[in-house]
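In what follows, a single structure is set out as structure tokens and then discussed.
Read the numbers this way: they start at 1 and go in the same order the structure lists the ligands and their atoms.
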Amino acid sequence: MQTSHPGGLYLLFATEMWERFSYYGNRALLALFMLSALSFDKQFTAALYGQYTGLVFLTPLIGGYIADRFWGNRRSIMVGGGLMAAGQYCLFASGSFYTQLDIAIPFFYLGLGLIILGNGLFKPNISTLVGQLYAPQDKRKDAAYTIFYMGINLGSFFAPLICGTLGDTGDPADFRWGFFTAGTGMLIAMLVFGYFQKKYLVDPLGNQIGMAPEARTKAQTQRRNAPLTRVDYDRMLVIGVISFFVIFFWAAFEQAGVSLTFFANENLDRELFGWTVPTSWFQALNPIFVLVFAPIFAQFWVKLAKKDLEPASPTKMGLGLLLLSAGFLIIALGVKQVAPGIKLSMMWLIAMYWLHSMGELCLSPIGLSLVNKLSPAKFASLLMGVWFLSTAAANWFAGILAGFYPETGKPTPNFLGWPIATLNDFFMLFVIMSFVAGALLLLSTKLLQQRMHGVN
Ligand code: GLN
């Protein structure tokens, strides 16, 4: 079995790295910008932030459909990239006029709208292209998506450091430079992609991939026009079921930005040699862990495949959910030590993020790969949109769940008849939720495999 990867993978890696740099660079500043430059209140900021991060993952459904039917992946990526860059520059304009809210606010909403639309065209299509570089059932796909995932995390690691440092200086006039840099990152992604696409975006036979309908080869068109069979319907059903389970993963995982940040802020001993580690720095742990461990996972899957020992994709994903549950269990146990005047050692949170990142590596790149392997050619990008739909639902659900975070002096919230009186209760909610989802997924693997018809 061949273990090296085609050049196209590295092109997609670089493009997605710059696009995610742009997206996460913006996201690192967004809430702060709303609060300190646009003078929105906390509640409104939180609500808008939640709607934005949810909508960003809803539009891939439309972007996937447009690519499959009309534009192909390449054009959709370029148009989506252009819209996102324009959106970032609208935010740059908004930040430039922050003292005149009647100008700043329309630019702000226009900018967010463009990013939402642009991401819809970009994200599912770049993700679909990764798999098209290989023959349909090539065993290297899981490893390829894991390497691609490193690109995502390389971008999301540097983004807050660079855009955050330039934009969040304490002077609201500087936010615009963060957005400007994010927009420029997006332009770099488009330049790289536009320049190298012809050379590197080819299938194993050398045919160009991601083309619009009129430029597809005869075989490609035939494959896309083939009527759907029972097998296709079965496989699409599996995509639906898996996407459902994944909602619980992201809803718990995304607590990183909300409840886990409150927790780190209030109950974690962040003193290190007389210096206090900023709460926001804990957000860097996840991309670092993914970057360090992704190559190990990629090799590990290929090694297991060579020995015919590779677990089925739903098994890997179920394992991902269990790892997430284990991470929350660590923190649920840790918080028992928290008492008035006693804070928890950082090691607990670091261990939790490590487990969460290992879980993510078992679930997220594997899920992208599985969707690619299961999709009939006709709907390859649309179904990638379905996969991202679960992230949209999860972001919304994550916000609701974070609302159960117990606060002293406030009435005890009640989750399905279960009082959430302590932090331990709150984190146990996620332990149980992800454990049940993971266990159910593991138990249904055999059933799902029957409907996958040979796809692993
Ligand atoms: N962090 C990853 C990304 O931005 C995962 C997104 C997701 O599917 N929830 O691509």
Atoms in ligand 1 with a heavy atom of Thr391 nearer than 4.0 Å: 7 (C), 8 (O), 9 (N)
Could you go through Phe415 and Phe426, starting from their C-alpha distance and side-chain angles, then the distance that decides it, and tell me whether this counts as ring pair (Phe, Tyr, Trp, His ring centres under 6.0 Å)? CA-CA 9 Å; Phe415 184 81; Phe426 177 75; 9.7 Å; no
Are any of the N or O atoms of Arg20 closer than 3.5 Å to those of ligand 1? yes
Taking atom 6 (C) of ligand 1 as the reference point, the nearest protein heavy atom with its distance: Phe57 CZ, 4.0 Å
Just jot down the ligand 1 atoms closer than 4.0 angstrom to any heavy atom of Lys123, in number order. 3 (C), 4 (O), 10 (O)
Contact (N/O only, under 3.5 Å) between Glu254 and ligand 1: no
Aromatic ring pairing Tyr10/Phe13, orientation class (parallel under 30°, perpendicular over 60°, tilted between): tilted
Atom indices of ligand 1, in the order listed, that fall short of 4.0 Å to a heavy atom of Tyr149: 2 (C), 5 (C)
Over 60° means perpendicular and under 30° means parallel, so classify the ring planes of Phe328 and His356, tilted if in between. tilted
Under 6.0 Å between ring centres: does that hold for Phe33 and Phe179? yes
Which is it for Glu310 and Lys316 under the salt bridge (charged side-chain N to carboxylate O under 4.0 Å, His left out) test, yes or no, and what are the steps along the way? CA-CA 9 Å; Glu310 194 181 17; Lys316 291 180 185 167; 2.8 Å; yes
Pick from Leu374, Thr445, Leu448, Asp142: which one makes a side-chain contact (heavy atoms from CB on, under 4.5 Å) with Ser313? Asp142
Proximity flag Phe388 to ligand 1, non-hydrogen atoms under 4.0 Å: yes
Please work out whether any backbone atom (N, CA, C, O) or any side-chain heavy atom from C-beta onward of Tyr24 is under 4.0 Å from ligand 1, and answer side chain, backbone, both or neither. side chain
